[in-house]
Amino acid sequence: MKVLLSGASGTVGMPLVAALLAHDADLRLTCVLRSEKARVALAQTLAPAQRERVDFIEADLSDDASVDMAARLLAMEHVPTVGVHLAADVSWDKSCEEMQQLNVQGTRNFVRLLLAASARAHMVYVSTAYTRTHDWDYRNGYEESKAMAERSLREEFGARLPISTFSCSLVVGDSRTGEIARFNGLYPLIKFLAAFNPPFLVGNKDGLLDIVPVDWVVAELHAMVLRCAASDTPCECVASAGPHRVRYETAVRLIEERIALARRSHGLAELAPVPILRDRQWGFLKRALAAWQPPGISRSDFRYFERLLRVYGTYASSDRVRPPLHVSSPSPDPLAFLPGVVDHWIACHPRTVRRQASTASSAPAAQEQPA
């Protein structure tokens with residue numbers, strides 16, 4: 001089996017590479033990476049014997065000329081090849097126009113590479129369970145651009161190769177260890193609560209968050225890759241939590257409890273639970289947020305966290321997500337794995353619980369993006 005993979009250095013990509021190499025002894029894996037830095041980061045996670053089984057192609061999927069150059073390096077083969085497209089801009093606070101070059105054009109360019117590499121290709125497009133191509137009110141540019149990319153993919157290439165889709169919801173750390181390659185998605189909220197003392201959050205406290213652990217997502221995606229390698233029949237999988245969705249307030253209080261436990265271990269006082277306000281109250285209290293100016297927070301960090309309030313408020317108030325579809329097992333219960341997820345983040349950001357939250361700021365905000 002041959003696999004062409006984009007986004008191999010990302011949150012799902014790194015553990016997927018490990019799973020493919022561990023399970024499939026005859027696998028030939030080619031990773032399309034944007035930079036030498038990404039190649040080095042991925043290679044460092046692999047044992048020497050594994051690195052020998054991986055080829056790397058450097059290409060910026062958002063740049064047509066870069067893809068043209070990479071395509072010329074690929075030799076057309078008749079070996080069945082599964083293309084798995086993970087690379088995407090996953091920001092929740094950009095417009096659809098800002099994301100089209102990578103999320104839409106980048107998807108087309110990945111298929112061009114796949115068709116240059118194999119005459120017997122099967123495409124796996126990785127999307128989000130928080131969107132669909134039709135009958136959907138898009139909450140942000142990310143949802144809209146992912147749906148636009150899938151429509152474009154099927155219109156342009158649907159007659160030339162089978163196209164399968166894998167859609168997952170909000171991915172957090174491993175259900176056993178809490179480990180994860182990138183702190184996106186839920187993690188800026190954890191940082192917000194741990195490093196600062198916000199006067200409030202915004203959203204429906206009874207809204208449901210759909211959170212899934214990365215190891216379960218990778219297992220389901222790996223299974224789809226194997227199915228696609230064995231058959232030309234397109235398939236679909238939605239890896240979402242379904243009945244295991246968790247209330248927004250429950251998730252917030254669980255995060256606060258793990259932060260409190262870590263603070264106590266360092267002799268620091270616990271922080272008061274953060275109130276969660278409805279959207280209509282938010283309109284009246286923007287002045288309160290402007291007046292909240294704790295020392296040690298830069299102007300850029302302050303604007304970032306103002307956006308974060310809006311982003312999470314939107315998802316807590318509108319909990320529309322696709323239900324699970326064609327998964328081999330139900331997603332684990334977040335109440336069982338979220339404590340370990342938060343503990344792992346704290347272990348990677350120890351200063352947030354060793355100094356007063358009003359003066360602490362761990363990693364730069366740019367390293368953790370709402371996604």
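Quick note: numbers below take in every heavy atom, side chains included, and nothing from hydrogens, waters or symmetry partners.
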Quiz item: Say you draw a straight line from CZ of Phe166 to SG of Cys168; how long is it, rounded to the nearest 0.5 Å?
Solution: 5.5 Å

Self-check item: Side-chain heavy-atom pair Asp206, Tyr248 within 4.5 angstrom cut-off
Solution: no

Exercise. Could you pull out the closest heavy-atom pair between Leu61 and Ala87, with the gap in Å?
Key: CD1-CB, 4.2 Å

Practice problem: Check the side chains of Asp63 and Gln105 for a donor-acceptor pair under 3.5 angstrom, ignoring hydrogens and angles. | Solution: no

Quiz prompt | Derivation and outcome, side-chain contact (heavy atoms from CB on, under 4.5 Å), residues Thr352 and Lys191 | solution = CA-CA 8 Å; Thr352 57; Lys191 176 181 178 178; 5.7 Å; no

Exercise. Please work out whether the ring planes of Tyr187 and Phe183 are parallel, tilted or perpendicular, with thresholds of 30° and 60°.
Key: perpendicular

Quiz prompt | Test item: side-chain donor near acceptor, Ser328 and Glu220, under 3.5 Å | solution = yes

Quiz prompt | Point-to-point distance, once rounded to the nearest 0.5 Å, from OG of Ser318 to CG of Asp137 | solution = 7.0 Å

Quiz prompt | Flag side-chain contact, heavy atom, 4.5 Å: Leu153 against Arg108 | solution = no

Exercise. Check whether the side chains of Thr107 and His85 place a donor and an acceptor atom closer than 3.5 Å, and report yes or no.
Key: yes

Self-check item: Nearest heavy atoms of Ser169 and Ala241, plus distance in Å
Solution: OG-N, 4.1 Å

Quiz item: Do Arg120 and Thr81 have side-chain atoms, one donor and one acceptor, less than 3.5 Å apart?
Solution: no

Quiz item: Below 4.5 Å, heavy atoms only, C-beta onward: do Arg132 and Glu143 meet side chain to side chain?
Solution: no

Exercise. Classify the side-chain pair Glu155/Ser152 by whether it contains a donor and acceptor separated by less than 3.5 Å.
Key: no

Quiz item: Between the side chains of Thr177 and His344, is a donor N or O closer than 3.5 angstrom to an acceptor N or O?
Solution: no

Quiz item: About how many Å separate CZ of Arg176 and CD of Glu179, when rounded to the nearest 0.5 Å?
Solution: 9.5 Å

Exercise. Kindly compute the distance separating CD (Gln50) from CG (Leu27), expressed to the nearest 0.5 Å.
Key: 11.0 Å

Self-check item: Side chain proximity check, Ser164 to His122, heavy atoms < 4.5 angstrom
Solution: yes

Quiz item: Can you tell me if Asn140 and Tyr130 form a side-chain donor-acceptor pair at under 3.5 Å?
Solution: no

Quiz item: Does any non-hydrogen side-chain atom of Val84 lie less than 4.5 Å from one of Val3?
Solution: yes

Practice problem: Mind checking the NE2-NE2 spacing from His222 to His23? Nearest 0.5 Å is all I need. | Solution: 5.5 Å

Quiz item: Considering only heavy atoms from C-beta outward, does the side chain of Cys96 approach that of Tyr138 to under 4.5 Å?
Solution: no

Self-check item: Atom CZ of Arg160 with >12 non-hydrogen neighbours under 6.0 angstrom
Solution: no

Exercise. Taking the side chain as every heavy atom from C-beta outward, state whether Val126 and Thr165 have any atom pair closer than 4.5 Å.
Key: no

Quiz item: With a 3.5 Å cut-off and no angle check, do the side chains of Ser145 and Asn103 form a donor-acceptor pair?
Solution: yes

